[in-house]
Every structure is written in C-alpha cells, then in structure tokens.
Amino acid sequence: MLGLVCLLALSACSAGEEDDSGPAPSVISPATLVTCEDRGDCGEPGSVRWSIPLTDDYQMTRSQEEASRIAPAGQWLDHQAPDPGGVVDDNGILYHHRDTLVTAIDTVGGTELWTEELDHPVDRVRMVGQTLVVRTLAPGERGNGRIHLFLPDGDGARSLETDLPEDVSLGWRMAVNDTHLVVWDEIFWGIEEDVARVFLIDAATGAVEWEHTGRVGLDNHNLAEDNTVYLRQPAPETDDEPLSVIGMVGGEEVTEFDLPEEVGRSSYQLWATDTGELLFNTGRCTLGEADCADRRITAVDADTGRTMWSEERAGAIVSMTEDGSTTRLHIETGNDYRTLDARTGEVLAEGVEAAQETEALLGSFGVSRPHPRTVLPSELRSLDEESLEELEEEEVEEMAARLAQELDMIPAELHGPGMEEIPLEGLAAGIRRLTTYLAEDGRVVGVFVGCAPGGVRPSSWDSASPEAVCAEPRLFAVDYGV
C-alpha cells in the first residue's frame, strides 16, 4: 500500500503540466469572497453561505484506505500534528485554527478580522464567556501542551496572563462553564501514585483561584456553574474496591461518594448540572453495536451520591439545557433522539419531536465520507502494485492520476437530526469539517476547509513533501438545510 501511495505521488510529479481532465470548478473556486446572496440560495440544503481563499500553504494526504484530506503543509509524516478546527462565539465570530495560527472570521459576511500567530501548533480553541481559550502543543515536552487566554475584539485579541506555574504541562481534558475553566496537569499520571494537579482559572482575568494535588481525573463537563468541580478517582487495584467521585469547592473536598452499581467499571464521563444532578454519561453508539445495550446514563444526587434513576435504553448525552428549575438532557443513540428530565429521568420528548430541538442537538450534526472501496470505479478499487506492473508506463501514470483525483473528490455527506443525508458532490477536494454553528436565521451551518476543484497541483521534485499541493485552499460554510 505504501508503494502504491508513493507511486501516486511520483506519477503526479512526472505529470508536470496540468491538463483539462480535472474536476469542474465549483462555487468555491473563485479566489475571492463568495456569498450565497450572489446566487440567491441562502439556507437551501448544501448551499455555500460564504467562501474565502486562504493564504497558507496546504497539501493533500492520500490513501486508498480513506478519502483524501487537505492538511497544513509539512504534516504529511507528522501523525501527532493537530487537526485544523474552530469554534463560533455568540456574536457569530469564527475562530479558526490551523498549524500555529488562529484567525477570526465574521460568519455573517465571511470577512477576515484578524490573525494571531502562536509559538507552537494549536490543537484546540474554546470560548469561556468572552474569553478565547487556545491550547497549543509543545513538541518534546511532558504532557500535551499549554493554554493561552485572549480577549478578542474586532481588530485583534489582547493576551491575558495566567498564574499557572511554569512547569505546568496540560492534559487534553478541560472543563468549562460561562466564567471559569478547570485544567488538569498530569504530573506523574500513570507513574507511581497517579498524581495530578487541578487548577480553577477565572477566564476573565487569568487568575488561578485554587489548585489541588491528588489522585484525581478530570472530564470535560464536570464543572457546575457555581464552580463546584466533580473529580473521579483512579480505579483501585482490585475490583472489590468501589470507584469514587469527589466534589470540590474552593480547592477543598466537600463531598465524596462511590459510583452507583448501574455505572459499572467501564468508561464513563461526568456531566454536572446547575440543578443538583450529576450524570454518568456513556460513549455514543449505534443500536446493534457490540456492548451498546450496556451504555446507559445514570443520574445521582450531586450532594449525596444517591442514585435517582438509570436509563433503561442505551444513549449518550449531546447537551444539557435549562427550563426553569429543570435540566433537560438531550440524548442520542444512533439516529434516535430523546429529551429527559435530569432529576427524574422522565421522557419529555422523543423521536421526531426530540430531533426537532435543533439548537440543543447541534453537536449531533456532522459529516462523513464513504470508504473509497464503496465509491471508486471498479477498475480503481482493485488497483494495486501487482496490477500496475502489467501496464505500460503511460497507462500507469494515467491510472495513478485518475485514482488520485477520485480520492481527492470523494464527496462529504452532511447528516444530523431531522434531515436527510446531503452529499457535497464536486464542491471541494480533500474536504474536512471544522465546526458547526447556529446562524442568525436559526439555521445549522457547517464550516469546512478544502481545496477548490482543479486547485490540486503535483509536487515538484524539490518539495519537502511528495504529497500533492493545494494551490487554491478555501474556508467555507455550508447550510445543513434545517
């Protein structure tokens, strides 16, 4: 397989001049700002809301085992390099990260506002209130990286200093609410006593309000609005000893209780509500999948640890919303959706009714790309090194070029609650989703990066990478149609 991928690259190099057999231009092909108002199809399923050209260097990563993907230049051999990503704040500003850059984009008009360059690659951005939290990876250092806080405005972003000790190297977990964030420093995690440090940080100032050192683990949803943090303790040496959870306020332990039997000893996530419940959430699964039936949600009283209910059907929490004094849990199992009362477990909505709660289910909208063997022409599906040896040199180059183009243009397929799957045929090469947001008109919109059709160029012999180059990278937004 590696030999065939290399042959693809070498054939592309030897092809030299471009020809007219490439994919047809699409709506994102112009090297300028494009908006749906220009075409009058705003809000229609699969419509491009806006598209802007990117100035960074990108390349294509190709394999017969998956559709091609666009990637920042130089990442073709770096499997640990962070993927591009983004987040959209309440004001409709997209913060898009790739490599060491973070760029602010106005999603209403698709205009670039500013770009911030950091010292190391960015692997995550999040909003906490009005503060932009950026995590970077520090290659070669213990742990996963560092966090940086910024207060963005229309012209740039002002950096906030934190009180974190200089030796802190943060794990990937980060819990947030509207005002604070909790980060986890794995000092000796996995060694000796599994010791970690946990820090509560005021996002508006960067001040560390407290830190705790102990045998505790952090999830991504276990910080309540009153800044109570619920931490799980590592599994004991024997199965006879129960797993436990501790609640902390001001860095001091205020409660401790054992996990309910319904949770078992498998993987779980903690979700803390603002109405006094603590949910043991499970991973998402598809009905019929192995062990799916055992993945149930269990609720306990956050003060006492008393089990209040355990869901009879499999499912995973997508989000939580508040309705007065009630926390509503929005649950997904495959294409099935339910809304539950967090205190009682009562089903408040299910099926079509639950699937129509679009804003709460925003995290369920995604994109998939079919495996090449399910969409490639039959003569390309069976292509391997042995079959290529039977062809003339010109035929080899032609087949390799065809396969590369087919892999690049495998369409992304939009999916989500209350909608039919939408293939994005011929829109972009190497397309990948960055994030999803709710637009001003209440419509679900996905943000993508990809190469304009026809914008893929062969690698030159003096290039640092044998991978094809994307000469026309684009950042664009597409309507899901709901």
Side-chain angles (χ1 to χ4, degrees), residues 52 54-56 72 81-139 141 143-185 197-211 218 220-221 223 225 227 229 362 434-438 447 449 475 477:
I52 60 175
L54 296 173
T55 58
D56 317 315
D83 291 333
V87 66
V88 177
D89 69 12
D90 293 337
N91 298 315
I93 305 301
L94 164 70
Y95 301 100
H96 163 45
H97 72 80
R98 71 277 187 208
D99 199 16
T100 60
L101 303 175
V102 177
T103 297
I105 306 288
D106 181 357
T107 61
V108 176
T111 54
E112 181 176 325
L113 302 177
W114 51 261
T115 294
E116 184 82 21
E117 183 169 10
L118 292 99
D119 292 336
H120 297 294
V122 178
D123 81 325
R124 191 177 186 183
V125 292
R126 294 193 70 170
M127 292 301 302
V128 181
Q130 299 300 311
T131 301
L132 177 66
V133 181
V134 178
R135 190 180 64 179
T136 59
L137 299 184
E141 294 189 18
N144 288 334
R146 301 283 188 269
I147 64 163
H148 309 265
L149 305 182
F150 295 95
L151 289 177
D153 56 34
D155 300 320
R158 177 169 62 87
S159 177
L160 290 176
E161 296 294 329
T162 73
D163 296 335
L164 288 171
E166 292 184 0
D167 64 338
V168 168
S169 191
L170 301 175
W172 65 271
R173 297 182 182 92
M174 180 190 306
V176 305
N177 58 24
D178 290 338
T179 59
H180 289 71
L181 64 151
V182 178
V183 294
W184 186 68
D185 175 24
R197 285 184 293 184
V198 179
F199 301 87
L200 178 73
I201 303 171
D202 185 334
T205 65
V208 174
E209 296 193 353
W210 57 259
E211 70 174 271
L218 181 69
N220 291 327
H221 302 279
L223 175 63
E225 285 299 320
N227 289 335
V229 184
L362 197 59
L434 304 181
T435 189
T436 308
Y437 68 95
L438 205 65
V447 180
V449 63
L475 182 69

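The figures here come from the full heavy-atom set of this structure, side chains too, leaving out hydrogens, waters and symmetry mates. We number each residue from 1, following the sequence as shown.
Of all non-hydrogen atoms in Pro152 and Gln130, the two that sit nearest each other are CD-O, 3.4 Å. The minimum heavy-atom distance linking Leu137 with Pro82 is given by the pair CD1-CD, 3.9 Å. Taking both residues in full, the closest heavy atoms of Leu362 and Leu438 are given as CD2-N, 4.0 Å, listed atom of the first, atom of the second, then distance. In terms of heavy-atom proximity, Pro72 sits nearest to Arg98 at CG-CB, 4.3 Å.
Side-chain atoms of Asp89 and Leu132, non-hydrogen and from C-beta on, never get closer than 4.5 Å to each other. Residues Trp184 and Leu170 fail the side-chain proximity criterion, which asks for heavy atoms closer than 4.5 Å. The shortest side-chain heavy-atom distance between Leu149 and Thr162 falls under the 4.5 Å cut-off. With a 4.5 Å cut-off on side-chain heavy atoms, Ile105 and Leu475 count as touching. For the pair Tyr95 and Thr103, the minimum side-chain heavy-atom distance is 4.5 Å or more. Residues Leu218 and Val182 have side chains in contact (heavy-atom distance under 4.5 Å, counting atoms from C-beta outward). Using a 4.5 Å heavy-atom threshold, the side chains of Asp155 and Trp114 count as separate. Counting only heavy atoms from C-beta outward, the side chains of Val102 and Thr115 never approach each other to under 4.5 Å.
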Test log, rule side chain to side chain contact (heavy atoms under 4.5 Å, CB included), inputs Thr107 and Tyr437
CA-CA 10 Å; Thr107 61; Tyr437 68 95; 3.5 Å; yes

Stepwise side chain to side chain contact (heavy atoms under 4.5 Å, CB included) check, Asp106 with Leu94:
CA-CA 6 Å; Asp106 181 357; Leu94 164 70; over 6 Å; no

Can you list the steps and then say if Thr131 with Leu151 is a side chain to side chain contact (heavy atoms under 4.5 Å, CB included)?
CA-CA 5 Å; Thr131 301; Leu151 289 177; 3.4 Å; yes

Dump the intermediate steps for side chain to side chain contact (heavy atoms under 4.5 Å, CB included) on Asp178 and Glu225, then the final yes or no.
CA-CA 7 Å; Asp178 290 338; Glu225 285 299 320; 3.8 Å; yes

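Formation of a donor-acceptor pair under 3.5 Å by the Arg135 side chain with backbone atoms of Ile147 is not found in this model. Without hydrogens or angle criteria, Arg146 side chain to Val168 main chain gives a donor-acceptor distance under 3.5 Å. Between the side chain of Thr100 and the backbone N or O of Glu117, no donor-acceptor pair lies under 3.5 Å. Not one N or O on the side chain of Asn91 forms a donor-acceptor pair closer than 3.5 Å with the backbone of Ile93. Remark: side-chain polar atoms of His97 are paired, donor with acceptor, to backbone N or O of Val122 under 3.5 angstrom. With hydrogens and angles disregarded, a donor-acceptor distance shorter than 3.5 Å links the side chain of Asn177 to the backbone of Thr179. Here the side chain of His180 pairs no donor or acceptor atom with the backbone of Ala203 at under 3.5 angstrom.
Taken to the nearest 0.5 Å, the OG1 atom of Thr435 stands 11.5 Å off from the NE2 atom of His96. Distance check, rounded to the nearest 0.5 Å: CG of Leu200 to CG of Leu223 gives 6.5 Å.
With no hydrogens or angles considered, a side-chain donor-acceptor pair links Thr136 and His148 at under 3.5 Å.
Atom CD of Glu112 has more than 12 neighbouring heavy atoms from other residues, nucleotides or ligands inside a 6.0 Å radius.
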